[in-house]
Number of protein chains: 2
Amino acid sequence: MDEKKIKKNEGPCSLIEILKVIGGKWSISIIYVLISGTKRFSEIERSIPNINTRMLAKELKNLADHEIVIRKVYATVPPTVEYNLTTKGKKLEPVINEIYKWGLEYVY
Amino acid sequence: MDEKKIKKNEGPCSLIEILKVIGGKWSISIIYVLISGTKRFSEIERSIPNINTRMLAKELKNLADHEIVIRKVYATVPPTVEYNLTTKGKKLEPVINEIYKWGLEYVY
DNA sequence: CCGTATCCAAAGAGATACTG
DNA sequence: CAGTATCTCTTTGGATACGG
């Protein structure tokens, strides 16, 4: 893979690219929910009180496009769709843990 | 302080509160720039290519309101304003490091 | 059940001109 | 220099309604 070569950006430029992937308003919350394991669409929706169907679908699509979550469809009636984290997605756990730790100390 | 008591929220609810503080589109980039030390308004602006004056001012105000950055004004002509991280702000360094590490491995 | 489509309101973001 | 004011455009949110 040729595009795999690392851009040696200094400064926040590269951070901005990263934040396009995980900086969406609901991304971190969704990933957090999925850390505990596979979830269905409606389970995720219930787990995140203020999200709405449209935004959840949109964010899940974004995360799937970036290979952070995997979407599995089962041909049942009614349909079942499951989401879980990829390896890439699971590696975001330290990020969330650090955010959470900081928040526990400072936000409440 | 009475409101200091810890809300024992499970789930992403508390994450949402945290993200109101540091989840702004430019917050992480600004904090990243300030980790290397005190900066003036225009220095920060130049360090973050796609930000504009209004958004930088707005985010800096938000971060100052949450005591993540300190704003120091010097009565010079033309005026000098310096920003740096508070202790609380400096403690976000692990968060940024984890984001950065993840990005190095997966975004490029 | 799992979404997409639509409409509308509200908030956020961008560009640029202007002031102490 | 360090912002604010203003105007415009995009994104988000909320409420359904509808299809596979």
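Close to C:dC2, at under 4.0 Å from its OP1 or OP2, lies a side-chain N or O of A:Arg40. For the OP1/OP2 pair of C:dC1 and a distance below 4.0 Å, the side-chain nitrogens and oxygens of A:Ser42 include no atom meeting the criterion. Between B:Tyr83 and the phosphate of D:dC1, there is no side-chain N or O to OP1/OP2 separation shorter than 4.0 Å. Residue A:Asn52 places no side-chain N or O under 4.0 Å from the OP1 or OP2 atom of D:dG13. For the OP1/OP2 pair of D:dG13 and a distance below 4.0 Å, the side-chain nitrogens and oxygens of A:Trp26 include at least one atom meeting the criterion.
Put simply, the side chain of A:Lys39 never gets that close to the backbone of A:Ile30: no donor and acceptor are under 3.5 Å apart. Of the possible donor and acceptor atoms, none in the side chain of B:Trp102 sits under 3.5 Å from a partner among the backbone N and O of B:Val107.
Between B:Glu59 atom CD and C:dA13 atom C1' there is a gap of 11 Å when expressed in whole angstrom units. Rounding to whole angstrom units, CE of residue A:Met55 and C1' of C:dG3 are separated by 15 Å. Per the geometry, NZ belonging to A:Lys58 stands 14 Å off C1' belonging to D:dG14, to the nearest Å. With rounding to whole Å, B:Leu60 atom CG is found 16 Å from D:dC1 atom P. In this structure, the CD atom of A:Glu82 is 13 Å from the C1' atom of C:dC2, given to the nearest Å. Here D:dG3 presents its P atom at 11 Å from NZ of B:Lys61, a figure rounded to the nearest Å. Atoms NZ (B:Lys25) and C1' (D:dT10) sit 10 Å apart, rounded to a whole Å. Regarding A:Leu56, its CG atom lies at a distance of 16 Å from the P atom of D:dA15, rounded to whole Å.
Considering all non-hydrogen atoms of both residues, A:Gly103 and B:Ile18 come closest at CA-CD1, 3.5 Å.
Residues A:Arg71 and B:Thr53 both approach DNA chain C. Their nearest nucleotides, taken by heavy-atom distance, put A:Arg71 toward the 5′ side. Remark on DNA chain D: of its neighbouring residues A:Ile51 and A:Pro78, the 5'-side contact belongs to A:Ile51, judged by nearest-heavy-atom nucleotide.
Donor-acceptor pairing under 3.5 Å, judged by distance alone, is absent between the side chain of B:Arg54 and the base of D:dG3.
For CD of A:Glu43, the number of neighbouring non-hydrogen atoms (other residues, nucleotides, ligands) closer than 6.0 Å is greater than 12.
Note on ring orientation: taking the six-membered ring where Trp is involved, the planes of B:Tyr83 and B:Phe41 are tilted (angle from 30° to 60°).
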